[in-house]
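Notes follow the structure.
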Amino acid sequence: MSWLPLSFGAPMVLWGLLALPVIWWLLRLTPPKPQTEVFPPLKILARVLRREETPQQSPWWLTLLRLLMAALVVMALAEPVFNPRERLPAEGSALALVIDNSWASAADWGKRVATAERLIADAGSNGVPIVIAFTAEKPNAEIGPFDASAALDHLRAANPRPVPTDRPAVYARVAAALERLPGASVAVLADGLAAKGDNAAFKTLLEKNAKRLVWATSDRLSLTGLIGTDNQVDGFALTAIRAPGDPAPAQVSAGAFDDKGRRIADATLTFAPGEATATATMAVPFELRNDFASIALDGEHQAGAVRVLDESSKRRRVGLLSQAEADQAQPLLSPLYYIRRALQPFADLVEPSSADLADAIPQLLDQKPAMIIMADVGTIPEQVKQRLVDWVDKGGTLVRFAGPRLAAAGNDDDLLPVRLRSGERALGGALSWTTPQAVTEFPKNGPFADLSPPSEVTVSRQVLAEPTPDIVERTWATLADGTPLVTGMKKDKGTLVLFHVTPEATWSNLPISGTFVEMLRRVVQLSRNQGAAIANAEATAASLAPYRMIGADGMLTPPSPDARPLVPGAGPLPVTLENPPGLYGSETGVFAHNLLDASSTFAPLVRPQVSLPVSAIPYAFDESENLKGPLVAVALLLMALDTLAVFWMGGLLARRPRRAAVATTAAVLVVLGGLFGQADFARADDSKPGDAQAIDDISKTRIAYVITGEPGVDSISRAGLEGLTRFLIEKTALEPGPPAGVDIAKDELSFFPLIYWPIDPSAPMPSQAAIARIDAYMQQGGTVLFDTRDQFSNGIGAGSASPATERLRDILANLNVPPLEPVPSDHVLTKSFFILPEFPGRFSGSPLWVEASLDASNTENRPVRTGDGVSPIMITANDFAGAWAVDENGDPMLPTVPPDPMQRVYALRAGVNIMMYMLTGNYKSDQVHVPVLLERLGQ
C-alpha cells in the first residue's frame, strides 16, 4: 500500500484507527484532583470513607495527547516506509545476478552494489536461490546457487577490476547453472560498454531457461579515456575518447605526474559537439617532459583515464657508431667526442661493444634506440643493411656525418637523404681559389628554422650533394655559396639526416660551437623511441615482474597476488587478470602496459532483443526510510509527557515545593559547577603551552605561512620557507627561527613580520572574522605575501582569470587594500640586499605587486626613490615557495620552469630582499639624504 512517498508494510493494521473514538470516550475519564486538608487527619479519613467521588472529565489537550499517542502506535505497527522503493522483479525459480565489475564500473560501483542488494533482498523475501557471477573474475570463481545471506557476502566481497569484461565465458557458466533451475529471472547489471562477443553471450544466457530479464544500466555512457600520449617536438600530445554521438560539448583537464606523484603539467582537452575524440598538447620544456611518469584525466576515477609511461616516452636513446676511434691520449680527435658532449645532457647514449659493423649495428638495434648516429661510416655490410633500413622505415632516425670513408663509399639511396658527388670539396688552401664558407640563414622548412646562424662557424671541406629537383626541400642548413651543410628527408615513418662535414673540428669548427648542440637537440626531439629498453638481456628474453599496477579507480597500487610476470612481444598485449595494466620490470627499467591503446573506442552496450518480459531499472541507492522506529520513539515521548501531566494534575509535583526546589537547585549547581570546573582546568592546562609558544614566537624572527588545509600546498609552503631560512642564515647576518604555520582564524599574527599565503582554489574560503584579523594585522604593520602560483594562467588584472586569481579577488574584496603597482626599478625592494631587476619564483614572468608609492619622487635620479614605506601587501603568481622548497638533504623539491639553475638562485635572492625590506623598511631611501645632511652640518 503506497500513498505518494509513504507506504505501509502491514496496511491492515490501519483499521485500528477506527477505534480512536472509543479511545477518546475512555480517555475523557480522569481521577479527580485530591483535596488538601491540614487538620484533623481523622476527619479527612471519615470524609474519604463516607463520600463516593465520580470521575472528573479530562482536559481536551490531555485527551488529544493520548489520541495522538494511540494513532502513532497504530501507524508504527503498520510498518510505514517513507520514500518507498519499487519492489524489483525477482520472482521465478531462481534469480541469476550477472554483474559487470570491470574498470568501466569503478566510478559508480557503490550504486551498482546498492541495486544488487535490493535484488538479493527481494529474492530472499521470495525464498528463491540466487546465482551471482561477476564478469571480470577468475574462470573458476564460485557462482552458486546461494541463499540471500551468502549472496550478500559474495557481493560485498567483490570489487571492480582494472580489466575488461569476459561476458562470453561467464554467461556460459551462468547458463549451465540455470539448466538445473529453469524459469529463473536473469538480472544483468552491465557497465554500459560493448565488447566483442556480446551478442553470442546474451543468446547463450537468455535463449533457454530464462523467464524474465531485468536490465540495469546507466542512463548514458559518460566514460572518458586516454588512448594516446606522444612526446613530440613542441610538447606532449594527448588523445582522449568518449562515447560517440554526444551532442553536447565537453572539456576535461589532464595532469602529468612525476614518479613521486607530484603534478608538474596540465592541459585541457575539448570535445566538440558530436565528436568522440579530443586532443591537446602540454607545451612544457623537453627536460620537464622527461620527468613525466603518468598522465591522468581529472575527475575520472577509473583505469581507462590513466596512462603510465616508460622510457619510450621519455629521454631518447641514441646509438653512437664510428669506424675510427682516436687515440685515448688525444680524445679531442675522436669522431664521437663532441657528439657525446652535446647529447649527454638530454639523451641516453648507447654504444656497441664490437668495432665490426656486422656485429655493432645489430647490437645497437637490439637496444631499440630512437636515433643512431654514424660518424664517418662508409659502406654498411649487406647482411645487416636490410635490418637497418627496416628500422628506419618503422620510425628510426639515422644521422650520418661525412668524412673520408663516406666520401669514398659512394651513394647509398636507402640510407642517405640525397645523392652525393664522388670525393669531397676543399674550400681554401694554397691550391684552391675559394675561401672557407660561413653558414647562412636556416631554411624555414627545416627543424633549425628558429635558430640564429652562427657567425663564427666556417666550413673548409664538405661532401657535395648532386643537384636534384627536390634538393631545396631536403636542405636543412646551407653555406653562403648555397651548397647544403645539412640535408634530411622523411623515409616512410623514419628520418634520414646527413651532416656534410665531419663530427670533429677538421673540416669545420661547427662541432665546437653552441649551435652544434642545438642542432643535435632538435634532431633528437624529432626522433621516437622504438620501445622499452630493458637493461637485463635475460629479462628481455623471459618476462618482466609486476612493479606498479593501475587499480580500477585509476590509482597506482602495489601488485596483487593474482598478477603474473608479463612477456613482452610484438604488438599490443592483452589486459587480463594475470597481466593487469601498470608498470612491469624493476627500478632499473620498466615497461608500460596500459589498458587502452590507440585503436580503442567506447561503444555503448545495446540491450538484447529478446521475447522475454523485460524490466529496465536504473542504478540508484536505496533512499527509503523505515518510520516504525521514529514513530515508536515519538509515542514513548508522548507517554512520558502524559505521565508528567497526570502527576501534575494529581498534585504530586506540588506537595513539597521547597524540597523539590532545593533538589532542582542543587542539581543545577552540580552541573554548572562541573562545566565551569572543567573549563577552568582546561584554561589552566592550556595556558602553559600557549605562553611557551608565544615566548618561542617572539624570541626569534620567524616567517609564517597560512595553513590552507590542503596537505600538498601546506607541505610545499613549509619546505619553501625552510629553504629560504637556510639561505638567509647562509647569506645574511639574520638567523631566523623555523617557519611557523598559522591558522588565521585563531592564532596570534602579530608575532610575525611576514606571512606567506599560497592561494589554493580548492581550500575553504576564510571566514569574515578571519579576513578581519588579517586586515587588522596589515593595518598594524604586518605584511601578507599572496602567491596565486598561476603564472601560466591568467593574471590578476581585468578579464578572465584562473581559479586561484578569482579566489584572491574574493579575499581582497573584504580587505582595505591600498593602490598597487609592480615593483618599480628604483624601489627599495630591488636594492634592499641584492640588486634585482625582477622577482622570479618557480615560474618567471609575473611581476611582484606592492603598494603604490603615490607621493614618491626621484627628481635627482637617485638610486632609490624617496617616500617608500613598507608595503602591507605583496602579490605574485611566480610560486615563491615552490622555488625555495628543499628536502631534508637541502636538495630542491620542484623544478623551475624553465629549468634554469640561476632562476632558483634569483628566487632565493628575491626572498632575501623581501625579508630585509620587511625588517629594515625604507632605510636605503633615507641614505640618499646623508650627503645633504653632512653638507649642511659642515656649513
Side-chain angles (χ1 to χ4, degrees), residues 231 286 290 310-326 331 334-403 405-406 409 412 414-417 486 488 491-499 502-504 511 516-517 519-537 540 568 588-589 591:
N231 196 351
F286 181 74
N290 281 332
D310 54 20
E311 292 300 321
S312 63
S313 301
K314 299 181 182 180
R315 290 171 61 93
R316 307 291 193 255
R317 289 185 301 281
V318 179
L320 303 182
L321 187 62
S322 174
Q323 285 186 286
E325 189 66 28
S334 168
L336 298 175
Y337 176 79
Y338 295 108
I339 296 176
R340 291 192 190 100
R341 295 289 301 272
L343 293 178
Q344 279 176 350
F346 51 86
D348 294 331
L349 306 182
V350 294
E351 298 186 42
S353 58
S354 174
D356 186 0
L357 292 181
D359 296 329
I361 291 178
Q363 289 177 7
L364 287 181
L365 294 178
D366 290 340
Q367 295 293 323
K368 300 182 179 179
M371 185 169 76
I372 294 178
I373 297 180
M374 293 184 176
D376 190 20
V377 174
T379 304
I380 298 174
E382 289 296 331
Q383 61 267 34
V384 297
K385 179 178 179 180
Q386 187 57 45
R387 185 178 176 186
L388 183 61
V389 171
D390 294 339
W391 172 80
V392 173
D393 292 340
K394 293 178 180 179
T397 300
L398 179 62
V399 180
R400 304 186 68 173
F401 281 84
R405 289 179 177 82
L406 181 64
D412 189 342
D414 292 327
L415 296 175
L416 285 176
V486 182
K491 186 177 186 297
D492 204 350
K493 296 181 180 180
T495 306
L496 295 175
V497 183
L498 173 63
F499 282 76
T502 57
E504 75 280 354
F516 184 71
V517 178
M519 295 172 74
L520 286 182
R521 178 191 179 101
R522 301 300 172 87
V523 177
V524 168
Q525 293 182 11
L526 288 174
S527 63
R528 294 290 178 272
N529 283 342
Q530 302 302 301
I534 308 302
N536 192 333
T540 306
T588 59
F591 177 83

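We use all heavy atoms of the structure for the numbers below, so side chains are in, but hydrogens, waters and symmetry mates are not.
At least one side-chain heavy atom of Leu343 sits under 4.5 Å from a side-chain heavy atom of Ile373. Side-chain contact check for Leu406 versus Met374: every heavy-atom pair is 4.5 Å or farther apart. Between Lys491 and Asp393 the shortest side-chain heavy-atom distance falls below 4.5 Å. The side-chain heavy atoms of Pro503 and Ile339, taken from C-beta on, include a pair separated by under 4.5 Å. Contact annotation: the side chain of Ser527 never approaches that of Thr495 to less than 4.5 Å [non-hydrogen atoms, C-beta and beyond]. Between Pro511 and Tyr337 there is no side-chain heavy-atom pair separated by less than 4.5 Å. Counting only heavy atoms from C-beta outward, the side chains of Gln386 and Asp390 approach each other to under 4.5 Å. The shortest side-chain heavy-atom distance between Leu388 and Ile372 falls under the 4.5 Å cut-off.
Between Phe499 and Phe516, the ring planes lie perpendicular to each other; the angle is over 60°, past the 30° to 60° tilted range.
For the atom pair CG of Leu364 and CG of Leu320, the computed distance is 8.0 Å after rounding to the nearest 0.5 Å. Here the CD atom belonging to Gln367 is positioned 8.0 Å from the CZ atom belonging to Arg317, to the nearest 0.5 angstrom. Atoms CD1 and CG, from Ile380 and Leu415 in turn, are 4.5 Å apart once rounded to the nearest 0.5 Å.
In this structure, the side chain of Arg405 does not engage the main chain of Thr379 through any donor-acceptor pair within 3.5 Å.
Nearest heavy-atom pair, Thr502 versus Phe401, reported as atom, atom and distance to 0.1 Å: C-CD2, 4.1 Å. A pairwise comparison of heavy atoms in Leu357 and Val377 identifies CD1-CG1, 3.8 Å as the closest pair. Minimum interatomic distance between Leu321 and Pro352 (heavy atoms only, all atoms of both residues): CD1-CG, 3.8 Å. In plain terms, the two heavy atoms of Ala347 and Val318 that are nearest each other are CB-CG2, 3.9 Å.
Under the 4.0 Å criterion applied to side-chain N and carboxylate O atoms, Lys394 and Asp492 are not assigned as salt-bridge partners.
With sequence neighbours excluded, the residues forming a salt bridge (charged side-chain N to carboxylate O under 4.0 Å, His left out) with Arg387 are Asp366, listed by chain and number. A search for side-chain hydrogen bond (donor to acceptor under 3.5 Å, both in side chains) contacts involving Lys385 returns Asp412, not counting sequence neighbours. Partners of Gln383 by side-chain hydrogen bond (donor to acceptor under 3.5 Å, both in side chains), not counting sequence neighbours: none found. With sequence neighbours left out, Asp414 forms a side-chain hydrogen bond (donor to acceptor under 3.5 Å, both in side chains) with no residue at all. When the side chain to side chain contact (heavy atoms under 4.5 Å, CB included) test is applied to Ser354, the partners found at least two apart in sequence or on another chain are Asp356, Asp359, Gln363.
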